[in-house]
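Here is the structure we will look at, set down as structure tokens.
In what follows, every heavy atom counts, from backbone to side chain, and hydrogens, waters and symmetry copies are set aside. Numbering of residues begins at 1 and proceeds along the displayed sequence.
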Amino acid sequence: TGLIGPGAATAVPAEGEIVNAHAAGAIKDRYIVVLKDNAEARKPGIARKLADRFGGTVRDEYGTAVHGFTANLTEKAAKRLAANPTVDSV
């Protein structure tokens, strides 16, 4: 007794949707991440923090027309990043 058996629930990381993931001209494992317009998303270093958390690398950061960044990520990591509450879209 007290052991976790085959019927035990396992936490599965949340996944969000990647906008136009398989569109013509899409570059494999390269994503544009748009952040929400809130205090958390405006913190210095948030792009690198999020990319690091999901195993990615920030390529460029943006803050004028759109607040976000481009990153190299696996598709699975991009879906998990898309579910992050700081992210508006991937």
Side-chain angles (χ1 to χ4, degrees):
T1 63
L3 299 176
I4 297 175
T10 317
V12 177
E15 290 188 351
E17 181 181 340
I18 300 171
V19 179
N20 296 320
H22 302 287
I27 300 171
K28 182 178 178 4
D29 294 341
R30 193 171 299 173
Y31 300 92
I32 299 169
V33 180
V34 179
L35 300 173
K36 291 184 177 173
D37 190 16
N38 61 31
E40 182 66 24
R42 296 278 179 203
K43 288 183 179 178
I46 191 68
R48 293 200 191 289
K49 179 180 174 184
L50 288 169
D52 287 349
R53 180 174 175 190
F54 294 99
T57 305
V58 173
R59 295 181 52 86
D60 296 294
E61 293 185 54
Y62 307 100
T64 305
V66 65
H67 183 64
F69 59 97
T70 57
N72 290 356
L73 296 157
T74 64
E75 184 174 356
K76 185 171 191 76
K79 286 180 179 179
R80 291 180 52 216
L81 176 59
N84 186 284
T86 306
V87 174
D88 191 37
S89 66
V90 175

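For N38, the side-chain contact (heavy atoms from CB on, under 4.5 Å) criterion is met by K36, E40, A41, not counting sequence neighbours. For K49, the side-chain hydrogen bond (donor to acceptor under 3.5 Å, both in side chains) test picks out no residue, with sequence neighbours left out. Under the side-chain hydrogen bond (donor to acceptor under 3.5 Å, both in side chains) criterion, E17 pairs with no residue, sequence neighbours left out. K76 meets the salt bridge (Lys or Arg N to Asp or Glu O under 4.0 Å) test with E15; sequence neighbours excluded.
What you find for A83 and G16 is that their closest heavy atoms are CB-N, 3.6 Å.
Among residue pairs with one or both ends in residues 79-90, those qualifying as side chain to side chain donor-acceptor pair (under 3.5 Å) are N84-T86; sequence neighbours excluded. Counting only residues at least two apart or in different chains, side chain to side chain donor-acceptor pair (under 3.5 Å) contacts with residues 59-70 comprise R42-H67.
The other residues sharing a hydrophobic cluster with F69 are I18, Y31, V33, L35, I46, L50, F54, V58, L73, L81, V87, V90, where clustering joins ILVMFWY side chains under 4.5 Å apart. Residue V19 is found outside any hydrophobic cluster, as its side-chain heavy atoms come under 4.5 Å of no other Ile, Leu, Val, Met, Phe, Trp or Tyr.
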For residues 20-30, dump all side-chain donor-acceptor pairs below 3.5 Å to protein atoms at least two apart in sequence or in another chain.
unit_1, atom_1, unit_2, atom_2, d
H22, NE2, E75, OE2, 3.4

